[in-house]
Amino acid sequence: DDSADHKTKGKLTKRKIKLPPRDLEAGGENTDDLQRLEGMVVGMFPGGAEVRIDGARTLCMIAKAFRAPPGSTALAVGDTVTVAASRQEHHDASGDDLDRADGMILSRGPRETALSRPAPRGGKRKDEYKSDVFERVIAANMDVLLIIAATCQPPLRKRLIQRYLIIAERGEMEPILVLNKIDLAPPDPEVLEHFRESKLVIVEVSAGTGQGVDKLTKHLTDRRSILAGASGVGKSTLINRLIPGVDLATRTVRPGDLRGRHTTSSASVYELPGGGMLVDTPGIRELGLPIDPVELPWYFPEFEKFTPD
């Protein structure tokens, strides 16, 4: 079982969050005289987001006038946002006013990159006649997609790695394959040869012993990186190794099916000691990829010979 400390790590406490009524009157229209600040979303909660502004984390509600392009998640970790800061006189002078938010998110900047996937199918409200795909954006404006796979426990899934490579290509991120648990089993030579043919950067590590972690750190310094991989491949253990003192809870792989147990319930953001940012994502439940036939040659070069000149 997770410790009580872990249950509170990396997520907001459950508390009532509101802005001063004066700031919210007329549906948030009384914001013209409020200071505008730029920040980056580092966490989400119902009705709002945690935003990092000038190095400090602030709690912000989403303004009623906020609008985002349709077809994808309105806000995600990594998004650049404009915030209307609430007036300082409304905050408790002691700094312990837990009944106030720090501002309202007014707008979102354009996304340079995005780690996204189609929203999981199913649900009572599914419209079988609706063909539009809704993209669930997990993180935006990341530089690197760290694809974490294990050499064993659970077994390496080559097709899942290939899907992540497609996601990196679509999201315009640099993919780096991290083969973890080399202390338990060496990487499959055929797997290494297969992915090195595509000039993919591959880093072999053991999050448990620390082997290879220094080499991985060099690829992460001063960059925004997001981890992706199936549950149980050792993402939380790797974060513990990269960022001493984080002390994320880890769980063993279920012996029955060798599938990992989910240890992260929402995307979490961490600062790397040597500079840079690391974002941890939940274990993948579903990874469908809607690809138009005309896009096949772009993601799979072997299809080029079948396309007209």
Side-chain angles (χ1 to χ4, degrees), residues 10 38-44 49-55 57 68-69 72-82 108-117 135-149 160-180 195-196 198-205 207 212-230 233-236 238-243 246 248 264 266-282 284 287 289 298-299:
E38 297 293 322
M40 187 189 73
V41 175
V42 294
M44 301 295 302
E50 188 178 12
V51 181
R52 188 179 68 175
I53 301 175
D54 294 332
R57 297 195 175 204
S72 66
T73 309
L75 283 176
V77 169
D79 274 327
T80 300
V81 294
T82 299
R108 186 199 83 198
R111 290 168 173 160
E112 296 183 3
T113 66
L115 172 64
S116 64
R117 66 184 186 191
E135 292 289 333
R136 178 174 173 264
V137 178
I138 301 172
N141 302 318
M142 297 290 115
D143 301 310
V144 175
L145 176 62
L146 276 181
I147 305 170
I148 314 299
L160 181 61
I161 295 174
Q162 291 171 332
R163 291 176 183 177
Y164 279 125
L165 292 176
I166 294 173
I167 285 180
E169 189 76 42
R170 292 177 68 125
E172 301 184 6
M173 295 170 287
E174 177 191 352
I176 295 177
L177 176 59
V178 179
L179 296 179
N180 190 24
F195 288 112
R196 280 176 176 159
S198 61
K199 299 182 180 180
L200 174 65
V201 175
I202 301 175
V203 183
E204 302 173 27
V205 305
V213 172
D214 288 343
K215 181 179 179 180
L216 175 60
T217 300
K218 294 179 181 179
H219 291 281
L220 309 181
T221 302
D222 295 328
R223 307 177 79 184
R224 295 181 178 182
S225 305
I226 181 166
L227 292 88
V233 296
K235 290 186 294 178
S236 295
L238 185 59
I239 292 176
N240 287 337
R241 180 66 64 174
L242 289 168
I243 311 173
V246 170
L248 289 182
T264 310
S266 61
S268 303
V269 180
Y270 306 96
E271 303 292 335
L272 292 170
M277 175 188 302
L278 197 62
V279 178
D280 186 23
T281 62
I284 294 297
L287 196 60
L289 291 173
W298 179 257
Y299 300 113

All heavy atoms of T82 vs all of E38, minimum pair found to be OG1-OE2, 2.8 Å
side-chain contact (heavy atoms from CB on, under 4.5 Å) assessment of M277 paired with V269: CA-CA 7 Å; M277 175 188 302; V269 180; 3.6 Å; yes
Self-check item: Side-chain heavy atoms of I166 within contact of R170, under 4.5 Å
Solution: yes
Check: More than 12 heavy atoms of other residues, nucleotides or ligands under 6.0 Å from CD of E112: is that the case?
Finding: no
Nearest heavy-atom approach of I176 to V203 is CG2-CG2, 4.2 Å
Taken to the nearest 0.5 Å, the spacing of E172 CD from I167 CD1 works out to 14.5 Å
Nearest heavy-atom contact between A168 and P175 is CB-CB, 3.9 Å
Nearest heavy-atom approach of R111 to S72 is NH1-OG, 3.5 Å
Review point. Does R223 use its side chain to pair, donor to acceptor, with the backbone of V144 at less than 3.5 Å?
Key: no
### Query
Counting only N and O atoms by type, is there a donor-acceptor contact under 3.5 Å from the side chain of D79 to the main-chain atoms of V41?
no
*Hey, is the main chain of V81 close enough, under 3.5 Å, to the side chain of R108 for a donor-acceptor pair?*
no
Between the NE2 atom in H219 and the CG atom in D143, the distance rounded to the nearest 0.5 Å is 14.5 Å
>> For a 4.5 angstrom cut-off between non-hydrogen side-chain atoms, does V77 reach I138?
In response: no
* To do: Spell out, as yes or no, whether a donor-acceptor pair under 3.5 Å connects the side chain of N141 to the backbone of G78.
  => yes
Q.
Could you tell me if the side chain of R57 sits less than 4.5 Å from the side chain of V42, heavy atoms only?
A. yes
Rounded to the nearest 0.5 angstrom, the CG-CG distance for L227 and L146 is 5.0 Å
task = Take S225 and V279, measure what side-chain contact (heavy atoms from CB on, under 4.5 Å) needs, and give me the verdict at the end.
result = CA-CA 6 Å; S225 305; V279 178; over 6 Å; no
* With a 4.5 Å limit on heavy-atom distance, are the side chains of L165 and F195 in contact? -> yes
Between M173 and I226, the two heavy atoms sitting closest are SD-CG2, 4.4 Å
| query | Any sub-3.5 Å donor-acceptor pair from S116's side-chain atoms to V137's backbone N or O? | reply | no
Q.
side-chain contact (heavy atoms from CB on, under 4.5 Å), that's the test. Do E135 and T73 meet it? Break it down for me.
A. CA-CA 7 Å; E135 292 289 333; T73 309; over 6 Å; no
Any non-hydrogen side-chain atom of L278 less than 4.5 Å from a side-chain atom of L242? yes
- request: Would you check if L177 and V201 make a side-chain contact, meaning some heavy-atom pair closer than 4.5 Å?
  value: no
Of all heavy-atom pairs linking N180 and A207, the shortest is OD1-N, 2.9 Å
Query - T113 side-chain N/O to M142 backbone N/O, donor-acceptor pair under 3.5 Å - result: yes
Value for CD1 (I147) from CG (L160), rounded to nearest 0.5 Å, stands at 8.5 Å
**Prompt:** Any ion pair linking E271 and R52 (charged N to carboxylate O, less than 4.0 Å)?
**Reply:** yes
